[in-house]
Amino acid sequence: MRTIIDGWDAFELWLTQLPFVFQVVFVTVVVLPLCAGVAIGLDRATERFDRAPDRPE
């Protein structure tokens, strides 16, 4: 677990020391598509719960 924490700290330090323009580019190119992919995946995974259950008539 310590290795993961140390790796994350190193990455975070590297990212925060980048100039602002490169931070924006990183977020635009990496983080936004990643978040969109997670959102689309969750939407597809929970799609079956969107419909009302069939009601007997």
Side-chain angles (χ1 to χ4, degrees):
M1 187 61 132
R2 189 73 205 160
T3 305
I4 295 171
I5 294 170
D6 289 341
W8 178 256
D9 285 343
F11 173 75
E12 185 179 26
L13 183 62
W14 169 78
L15 185 61
T16 58
Q17 289 179 345
L18 287 176
F20 180 72
V21 173
F22 293 121
Q23 290 179 6
V24 171
V25 169
F26 179 80
V27 167
T28 304
V29 171
V30 176
V31 176
L32 290 178
L34 183 64
C35 290
V38 169
I40 291 169
L42 284 173
D43 185 51
R44 289 183 180 163
T46 60
E47 190 174 68
R48 63 182 171 153
F49 301 111
D50 290 342
R51 288 184 236 96
D54 293 336
R55 294 173 53 186
E57 295 181 22

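Note that the numbering runs from 1 along the sequence shown for the chain.
Hydrophobic cluster membership is shared by Val31 and Trp14, with clusters built from Ile, Leu, Val, Met, Phe, Trp and Tyr side chains linked at under 4.5 angstrom. By the criterion of side-chain heavy atoms lying less than 4.5 angstrom apart, applied directly or through intervening Ile, Leu, Val, Met, Phe, Trp or Tyr residues, Leu15 is grouped together with Val25 in one hydrophobic cluster. Residue Leu18 is not grouped with residue Phe20 when hydrophobic side chains (ILVMFWY) are merged at heavy-atom distances under 4.5 angstrom, including chains of intermediate members. Cluster membership for Val30 and Val27, using ILVMFWY side-chain heavy atoms within less than 4.5 angstrom, is shared.
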| query | Ile40 and Asp43: side-chain contact (heavy atoms from CB on, under 4.5 Å), yes or no, with the steps? | reply | CA-CA 5 Å; Ile40 291 169; Asp43 185 51; 5.6 Å; no
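Within a 6.0 Å sphere centred on CZ of Phe11, other residues, nucleotides and ligands contribute more than 12 heavy atoms. The number of heavy-atom neighbours closer than 6.0 Å to CZ of Phe26, taken from other residues, nucleotides and ligands shown, is above 12.
The two residues Gln17 and Gln23 have their closest heavy-atom pair at N-NE2, 4.5 Å.
Under the rule for a side-chain hydrogen bond (donor to acceptor under 3.5 Å, both in side chains), Asp9 has no partner lying at least two apart in sequence or in another chain.
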